[in-house]
Amino acid sequence: MAEYQFQTEVNQLLKLIIHSMYSNKDIFLREIVSNASDALDKLNYLKVSDEAYKGVKSEPRIDITFDDPNKILTVQDSGIGMNEEDLNNNLGTIARSGTKAFIEKIAEDKNAGESNLIGQFGVGFYSAFMAAKRINVYTRKAASDKIYKWSSDGTNSYTIEEIKADSDEAKKYGFDKAETCGSAIEMLLNDDSKEYASRWKIEELIKRYSDHIAFPIYLHYTQNKYDDKGNITGSEDKVDQVNSASALWKRSKSELKKEDYDNFYKTISHDGQEPLHYVHTHAEGTQEYTTLFYVPQNAPFDMYQADYQSGVKLYVKRVFITDDDRELLPAYLRFVRGIIDSEDLPLNVSREILQQNRILETIKSASVKKLLSEFKKMGEAADKAKKTEESKRTDEEKAAITKWNTFVKNFNRPMKEGLYSDYANREEISEIVRFKSTDAAGTGDDNWTSFADYVQRMKPEQKAIYYITGTDEKNLRASPLLEAYKKKGFEVLIMADEIDDIVIPSLMKYKDFDLKAVNRAGSDDELGVDKDEAKKKEEAFKPVQEKIKKALGDRVKDVVLSKRLSDSPSCIVVDENDPGIQMERMMRAMGQAGPGIKPILEINGDHAIVKTLESCSDESYIADVSEVLFDQALLVSGAELKDPMEFVKAINKLLSK
């Protein structure tokens, strides 16, 4: 017998699960049965795709037994089974990056007992320790003659030992027979969980959570016999199938209820919450396939990690093929969970073939269009509901608004990625993404506006859609760059996502309207400034411009008289062809820092502090004023000062004069 220590993350997770995580203990049986179903799926696939497993003769099934006197519950499957390496990898570690940070996030949650965070991660097997004081796993991998026992009390360690085929433990679960493979999860229930060793409790939970599992689930129990006076005359062992064992996604939508869809989602996603939205499609014709997609309530914890886990499973004629192919949907839809089941793909399709398969590419394309259509409808329903006076909104209208706000809060950012990466569907995606705005429609926690709504509110003389990018919404709203646009009554979209600087310039237009960043040079052309008057002012400002430019040297690309400032003394913009400040920051974070962007400093020639430079010849004073004008403009724009102390010194000098 070999003893192993749990991976640190598993230890932390087990403590959270056992002591504070779940308020609904019943779900542990759903998780164990779901794992058993996955094991059967994997064996079915290997039997048609791998020569090593083609000779395996195994009836796919899940058997549940219980020992009421000793309070033991066992779930056994005839699936792929595990060898020693599999036991260590699957039951001793969590091989997903970001796990540690995620667990720490949960641990810090004061309401961990009711936390929804765990639904973003899913703990599968480990959830059984909510109900069990010890778990023994007996397993034999398909096409192998070795039988193993894994055992742990869920504290710090676990043991693995090889057991002999003629041992009582091996015989108990049929592993003494060469044709038997799979795993038996034997749970010794703790004192607070004894009710799970009963026929009625198990049957209720299977019906509630696992009725849709596509393999038969058999419950083994002993039933007493009675005479006509109610006396027990004997007993008999019985085995009943307790689930419908049909692939839910293949059933007609008309015979399924919302509860059926919700329970299926919880099983495939390991999420304790109901889905935010689902869409079930069956296509016939040139190609026949079924898809069932779900949008979760919360963003998956690994959504912004490079090695995110795919949430979509691929089946061929109801035979599981893969659940880790990230090509099934584009990366910006990585939050979607669900099933794709094709009738036309070969059962022995390889990963390499999948990546180039025209049938799958057609399914993918149609699935993306269907999902985007659903998202667009969700947004339209919410927009329509918002037009009803708040006090008069129906429950349905309130639900539509809440649903859409949840979607935007969690998935607006990945949807924006689609503007950059999915050229074919860019127009559709541009109708779905939402933004904050200087208009009331885009101001406040749950207020967002669309490009379409912005266009409806545009002034007659306005020819472009204006936006400002940065990292902080509050700072962007206070930006001096907005002063002239507000005075003209031009709405400006507030874009505080770090990816906006990448995706929005790539979009360039919405319908017939150019997208113009107000923090770029040349975006002030529509402000209605008299060109002749502006030219005179520029000529008059040249002496001051040259003084500031000389003082700042190569820190700036240019110094110009601003057409857009009315109250603030200065602001920063970047050249139309240069990357923005946010883009530069992202490149630097990725280790791709270039020579550095030289911004353009715009000066308000009518500001009092700038006026002092007109007749000034004191180079020290000019340098201090120029320093303050430049650095404060950088700070307001969200950029970092290379030498904050120089800024402080310059201010102190000016205050002392």
### Task
Might you work through the side chain to side chain donor-acceptor pair (under 3.5 Å) test for Arg457 and Thr449, ending with a clear yes or no?
CA-CA 11 Å; Arg457 294 190 293 266; Thr449 193; 2.7 Å; yes

Side chain of [X], backbone of [Y]: donor and acceptor closer than 3.5 Å?
| X | Y | value |
| --- | --- | --- |
| Thr402 | Ala399 | no |
| Lys416 | Asp500 | no |
| Arg334 | Met303 | yes |

### Message
Below 30° counts as parallel, above 60° as perpendicular, anything between as tilted: where do the rings of Phe435 and Phe451 land?
### Response
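Phe435 and Phe451: tilted rings.
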
### Task
Return the orientation label for the Phe407 and Phe335 ring planes: parallel under 30°, perpendicular over 60°, tilted otherwise.
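Rings of Phe407 and Phe335: perpendicular, as their planes differ by over 60°.
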
Between the side chains of [Y] and [X], is the shortest nitrogen-to-carboxylate-oxygen separation below 4.0 Å, so that they form an ion pair?
| X | Y | value |
| --- | --- | --- |
| Glu374 | Lys370 | yes |
| Lys511 | Glu431 | yes |
| Asp453 | Arg434 | no |
| Arg413 | Glu498 | yes |
| Lys258 | Glu274 | yes |

Are any non-hydrogen side-chain atoms of [X] and [Y] less than 4.5 angstrom apart?
| X | Y | value |
| --- | --- | --- |
| Leu360 | Leu328 | yes |
| Tyr294 | Asp271 | no |
| Gln297 | Asn410 | no |
| Thr438 | Thr443 | no |
| Asp307 | Asp302 | no |
| Gln632 | Pro569 | yes |
| Val368 | Asn425 | yes |
| Leu372 | Lys369 | no |

### Message
Cation-pi check for Tyr308 against Arg326: NZ or CZ below 6.0 Å from the six-membered ring centre and within 45 degrees of the axis, yes or no?
### Response
yes

Considering all heavy atoms, the nearest [X]-[Y] contact:
| X | Y | value |
| --- | --- | --- |
| Tyr332 | Pro414 | CB-O, 3.1 Å |
| Asp554 | Lys598 | O-CE, 3.1 Å |
| Tyr454 | Ala464 | OH-O, 4.0 Å |
| Ser310 | Asp325 | OG-O, 3.6 Å |
| Pro480 | Ser570 | CG-O, 3.9 Å |
| Leu482 | Arg477 | CD1-O, 3.7 Å |

About how many Å separate [atom2] of [Y] and [atom1] of [X], when rounded to the nearest 0.5 Å?
| X | Y | atom1 | atom2 | value |
| --- | --- | --- | --- | --- |
| Asn447 | Asp439 | CG | CG | 9.5 Å |
| Phe541 | Glu546 | CZ | CD | 10.5 Å |
| Ile572 | Asp631 | CD1 | CG | 9.0 Å |
| Leu292 | Ile340 | CG | CD1 | 11.0 Å |
| Lys488 | Gln462 | NZ | CD | 9.5 Å |

Is it true that atom [atom1] of [X] has more than 12 heavy atoms of other residues, nucleotides or ligands lying nearer than 6.0 Å?
| X | atom1 | result |
| --- | --- | --- |
| Tyr278 | OH | yes |
| Lys409 | NZ | no |
| Lys536 | NZ | no |
| Glu427 | CD | no |
| Glu538 | CD | yes |

### With Leu333, the side-chain contact (heavy atoms from CB on, under 4.5 Å) member among Asp422, Leu371, Val295
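Only one option passes, and that is Leu371.
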
### Message
Could you check whether Thr469 and Asp501, counting side-chain N and O atoms only, form a donor-acceptor pair closer than 3.5 Å?
### Response
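There is such a pair between these side chains.
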
### Task
Could you go through the side chain to side chain donor-acceptor pair (under 3.5 Å) check for Ser391 and Glu389 one step at a time?
CA-CA 6 Å; Ser391 61; Glu389 188 179 325; 3.2 Å; yes

### Query
Would the Tyr485 and Tyr466 ring centres measure less than 6.0 Å apart?
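Ring centroids of Tyr485 and Tyr466 are less than 6.0 Å from each other.
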
